[in-house]
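Structure, as structure tokens:
In what follows, every chain begins at residue 1, and chains take the letters A, B, ... in the order their sequences are listed.
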Amino acid sequence: MEPAKASPLLQITGLKKHFPVKTGLFGRPSSSVYAVDDIAFDVHAGETLGIVGESGCGKSTTARLLMGLIPPTAGTVRFDGKIVGSPALPLKEFHRQVQMVFQDSYASLNPRLTVEESIAFGPTVHGVSRREAIARARSLLDRVGLDPIRFAGRFPHELSGGQRQRVNIARALALEPRILLLDEAVSALDKSVEAQVLNLLLDLKDAFGLTYLFISHDLEVVRFMATRVLVMYLGKVAELGPTEALYTKSRHPYTSALLGSLLSMDPDQRTERAPLAGDPPNPIDPPPGCRFHTRCAFAEAVCSLHEPVLHAAGASHAAACHMVPPNGEHSKSGMAMKAVS
Amino acid sequence: MFLATSTKLLEPILHSPGYWRTVWTRFRRDPVAIGAGVVVLALILMAIFAPLIAPQDPYQGMSLRRLRPPGTPGYLLGTDELGRDMLTRLIYGARISLFMGVTPVFVALFLGTTIGVVAGYLGGWTNTILMRTVDVFFAFPSVLLAVAMAGALGAGIGNGLIALTLVFIPPIARVAESVTTGVRTRDFVEAARASGAGAFLIIRKHVLGNVMGPIFVYAMSLIAVSMILASGLSFLGLGVKPPEPDWGLMLNTLRTAMYTQPLLCALPGVMIFITSISFNLLTDGLRSAMDVKS
Amino acid sequence: MDEPILEIEDLRVTFTGGAKPVRAVDGVDLSLRRGEVVALLGESGSGKSVTLRSVLRLHQENKTKIEGRITAAGIDVMALQGAALADFRGKHVSMIFQEPMLVLDPVYSVGQQIIEAICKHENIAADEARKRVLHLFERVRIPSPERRLAAYPHEMSGGMRQRAMIALALSCHPKILLADEPTTALDATVQVQILLLLRELQRELGLSMIFVTHDISVGVEVADRIAVMYAGRIVEIGSVRDVIRAPRHPYTIGLLSTRAHGGRLTGNRLPAIAGSPPDLANLPPGCAFAPRCGLASSQCAASTPPALSVKEGQIVRCFRVDATAKVSA
């Protein structure tokens, strides 16, 4: 699917996470939440891969799986060609390369530690002396726009949301990682502060040559940040492609519906019809066939019978829809979705 | 190098008052808690300096002066059934009573916290095995458990301490487990795991600081219970043995004089009451002082 | 122009529960006409929700000081006491919230709760009330309404719960509906549905509505007028078109330009508003936005800017409206 350039920095194959919800007799699970169900994608060095989707689509579970915070039901994550968690790349080594920023800036800082102690914790775990770790913490605070003399000795509750998220970014950078996983990292911030943090993230990416995985429900922000976008729906990859191609020539009806749900900001062009009816279905018992067929305007018999696979739909662009392959069973197969501006 | 580190960055920074500093500031503004704290401190000082304060010898009785009512000249609070000075014995009684109240709780605090935090942080099977074992002990009423264990081990201060410690481990472990489970799922613990830290380091650096407060407050509230239970054991003849001055034991031995000198009989009970209510009020004050909101 | 259905005059709300008094709302004037929708836009701590809650007097009485006048549907809200206040809530003015799970009682079915609400305000039989709820459920487009009456809140999806809460709010035919970020917790595809539903109900029932939101695009979608709040004051108010196309307060201008939209050319940065929102317990004298404002002069730091009418119906609290006219043009 990807042109044969440099091998991907991060390679995810067959990743699954099923959470048992009810346990029957003798603790045997009787049904499961299919939070992430067989997804595969690559992350290339230097890019920003945006992951979008609604609540319950599995984007946050994907983040936690990638970080090794929860064990996968199946599948592997390769970093630089080495399987994460194997003797060639133990989890602890992997964590030096990949770090994460969480949505809730307050909950992700230990309330009993000062800002510099929180940032310095990671390096000390990896054998950096305390003195050097503190020096690094202060230098990072300076780098994320917080004066170390004023902020290093403060506690999280004394900072504003934007300042706390800067601290979290500094904490994630303290291990000098190559990949930063941003899980709704700006979603809880006020708009005026969000822009500052997005700019900071762009600056840091340029300065340190970072690779971002940018997870968000906000399509506008993802369009601004990402070079490629992955759309998830009920634990599956719906569409994956370069940002502009995906935003202007989306091939999956779900992507089109998401884009159609964006509000216009123009009082003379208000939305007149909702692109989708109802809520996303429950991932406990996902519908058979294409998981989107219960809400899809183009659904036909084939959609509820067979699960579509990711099919190439342009340069580096793929969508899991029966309408994408040219000779499919769907009456509209091979037709491009109408462009959504 | 990813970042240039310079010595300039180790210059002094502005420090905010820490959490415990804030708690202390809030605690100081609570007159009830401060009052209770003063009483507890006075009791402790009284226990330590008993030989200096007490007017008489706690073991030396005068059979001619038995069961004198409070206010008798030379015996401010009267004399007991063997003619020993009540005031002296009450002062000396603070030693054993406080010791029996505090020691089992602190030993149980250490053991119960260890069990609870490990069970809460590791979860899964470790949690199930540890906490179900704890639950078995929890199923018995604490008085019954203490009496049964002290009875099985035999009378004496040492055995009484062991019995009381065993009684307090389960509730402390329960509390420790539940607060740890709450902290374990917080994002900052996830972030610490994501930085590659092991379980022991995370517990030490991130979990303990956030769970010790509530566990400690809970344990403090058990001191009063422990004192009352210890008194109960002594009263039943399972804890402290005569002629040691212990408030619970004094209640027991004086009960024969219940109808002739009721005021005198009530005195050890009054001491137990004052001590336990002071500990309880102190705990309440601590609890609300620690409830700092951002 | 007919007289307003809701009039807020010089509203000041101070929270006295903490160590320092916090002035959350600092002199808000707002009038809502019949059948009009006003979006109250602002960031966290701007006082938008506090203003809204004051209309129903939802603040803890012993920890809050409310000054000013609020007149809703001809009733002096500040003078209401006890039973009269309880009757006023829901009957004349009702409210929908961001999180229906906090409003709906988890141990009663949704239908039961709405029936109870109706019976509390009106003297009608339970089966009469039940009929009305069924009708309301159809109105807010809850599929298979008969069955949903018996459903418990946790059995419904987020969007469905929001519809149920709207039905609850409309159950006693209020004239004024207050909406506190009702779509913020919803997914984008569901948010559109709820916004369209609210717009339709508002039009058909002739409701007057105040819609609190932090998202300008939501405001544009539902409102006739937009009021922008910052640090407890309305800094700009005007018709949606004027505020969006010709904003005159530097904060509004900043908010509009700071939005990430469209693709980004390599190397581009967002025009961001510097600094962070002020601490309400330590407000600077003068204009609260001055420390973050690129146009601020010495006058801005010294005194509070008065309300200036820059155009028919557009009022701005700023000393530098001459400068902003150039920026926004």
Side-chain angles (χ1 to χ4, degrees), chain A residues 52-57 159-163 186 188-200 202-203 206 217-227 243-244 247-248 254 257-268 270-282 295, chain C residues 42-46 141 143 156-160 185-197 199 214-224 226 239-241 243-245 251 254-264 266-277 279 292:
Chain A
V52 297
E54 294 174 292
S55 54
C57 75
L159 309 184
S160 71
Q163 290 166 341
V186 297
L189 302 178
D190 284 320
K191 279 285 167 192
S192 72
V193 178
E194 179 188 88
Q196 297 172 8
V197 175
L198 290 178
N199 287 345
L200 172 69
L202 291 172
D203 290 341
D206 291 350
H217 69 283
D218 188 332
L219 289 156
E220 303 263 35
V221 170
V222 168
R223 186 175 194 176
F224 180 75
M225 292 296 286
T227 43
T243 308
E244 278 316 296
Y247 274 71
T248 52
Y254 176 62
L258 270 185
L259 293 169
S261 303
L262 284 177
L263 303 175
S264 65
M265 279 296 282
D266 183 347
D268 295 316
R270 288 180 172 175
T271 314
E272 289 307 326
R273 251 192 77 242
L276 284 183
D279 292 59
N282 198 330
R295 299 171 84 195
Chain C
E43 302 182 321
S44 48
S46 63
R141 289 207 210 87
M156 298 176 132
S157 62
M160 212 56 78
L186 300 174
D187 284 316
T189 60
V190 183
Q191 163 167 295
V192 183
Q193 299 171 33
I194 299 294
L195 286 180
L196 291 179
L197 175 70
R199 215 164 67 191
H214 70 283
D215 185 340
I216 312 183
S217 60
V218 168
V220 173
E221 203 64 31
V222 293
D224 302 308
I226 289 187
S239 74
V240 175
R241 285 175 187 80
V243 171
I244 296 302
R245 291 178 191 152
Y251 175 64
L255 267 190
L256 282 162
S257 60
T258 202
R259 286 172 52 85
H261 55 276
R264 174 176 62 94
T266 320
N268 260 17
R269 295 295 184 265
L270 285 168
I273 303 176
S276 11
D279 175 6
R292 302 176 74 187

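- The minimum heavy-atom distance between C:Ala272 and A:Asn199, with the atom names listed, is CB-ND2, 4.0 Å.
- The candidate from A:Pro275, A:Ser55, A:Gly53 with the greatest count of non-hydrogen atom pairs under 4.5 Å with chain C is A:Ser55.
- To the nearest 0.5 Å, atoms CG (A:Leu262) and OG1 (C:Thr189) are separated by 11.0 Å.
- Within the 4.5 angstrom heavy-atom criterion, only side-chain atoms of C:Arg292, from C-beta onward, approach chain A.
- Proximity to chain A (any heavy atom under 4.5 Å) is shown, for C:Ile216, by both the backbone and the side chain.
- With hydrogens and angles ignored, the 3.5 Å screen pairs no side-chain donor or acceptor of C:Arg269 with any backbone N or O of A:Ala195.
- Contact annotation: the side chain of A:Met265 approaches that of C:Leu256 to within less than 4.5 Å [non-hydrogen atoms, C-beta and beyond].
- Contact count against chain A (heavy-atom pairs under 4.5 Å) is highest for C:Gly275 among C:Gly254, C:Pro143, C:Ser239, C:Gly275.
- Checked by atom type and distance alone, the side chain of C:Glu221 never pairs as donor or acceptor with a backbone atom of A:Arg270 at under 3.5 Å.
- Note on C:Gly45, C:Gly159, C:Gly158: by heavy-atom pairs under 4.5 Å with chain A, the leading option is C:Gly159.
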query: Between C:Gln191 and A:Leu263, does a side chain to side chain contact (heavy atoms under 4.5 Å, CB included) hold up when you go through it step by step?
result: CA-CA 10 Å; C:Gln191 163 167 295; A:Leu263 303 175; 3.5 Å; yes
- prompt: When you look at A:Ser192 and C:Glu43, which way does the side chain to side chain donor-acceptor pair (under 3.5 Å) test go after all the steps?
  reply: CA-CA 8 Å; A:Ser192 72; C:Glu43 302 182 321; 2.6 Å; yes
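- For C:Leu186, no part lies under 4.5 angstrom from a heavy atom of chain A.
- For A:Arg273, the part sitting under 4.5 Å from any heavy atom of chain C is the backbone (N, CA, C, O) and nothing else.
- Each of C:Ser276, C:Ser44, C:Ala188 has some count of heavy-atom pairs under 4.5 Å with chain A, and the biggest count is that of C:Ser44.
- The OG1 atom of C:Thr258 sits 11.0 Å away from the CG atom of A:Asp190 when rounded to the nearest 0.5 Å.
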From CA spacing to verdict: side chain to side chain contact (heavy atoms under 4.5 Å, CB included), C:Leu270, A:Gln196: CA-CA 8 Å; C:Leu270 285 168; A:Gln196 297 172 8; over 6 Å; no
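- Of the charged side-chain nitrogens involved, none lies within less than 4.0 Å of a carboxylate oxygen, so that C:Arg241 and A:Asp266 do not count as a salt-bridged pair.
- Only the side chain of C:Pro277 comes within contact range of chain A, judged by heavy atoms closer than 4.5 Å.
- Judged purely by atom type and a 3.5 angstrom limit, A:Asp279 has no side-chain atom pairing as donor or acceptor with the backbone of C:Ser157.
- Formation of a donor-acceptor pair under 3.5 Å by the C:Asp187 side chain with backbone atoms of A:Glu54 is not found in this model.
- Per-residue counts of heavy-atom pairs under 4.5 Å with chain C were compared for A:Leu258, A:Val193, A:Asp268, A:Thr243; the largest is that of A:Asp268.
- We find the CG-OG1 distance between C:Leu196 and A:Thr271 to be 6.5 Å, quoted to the nearest 0.5 Å.
- Minimum interatomic distance between C:Gln193 and A:Gly278 (heavy atoms only, all atoms of both residues): NE2-O, 3.0 Å.
- If you measure heavy-atom distances from C:Val218 to chain A, the contacts under 4.5 Å come from both the backbone and the side chain.
- Residues C:Val190 and A:Pro280 share a closest heavy-atom pair of CG2-CD, 4.2 Å.
- A:Gln163 touches chain C through its side chain: at least one heavy atom from C-beta onward sits under 4.5 Å away, while N, CA, C and O do not.
- In this structure, A:Glu220 and C:Ser217 have side chains that are not in contact, with every pair of non-hydrogen atoms separated by 4.5 Å or more.
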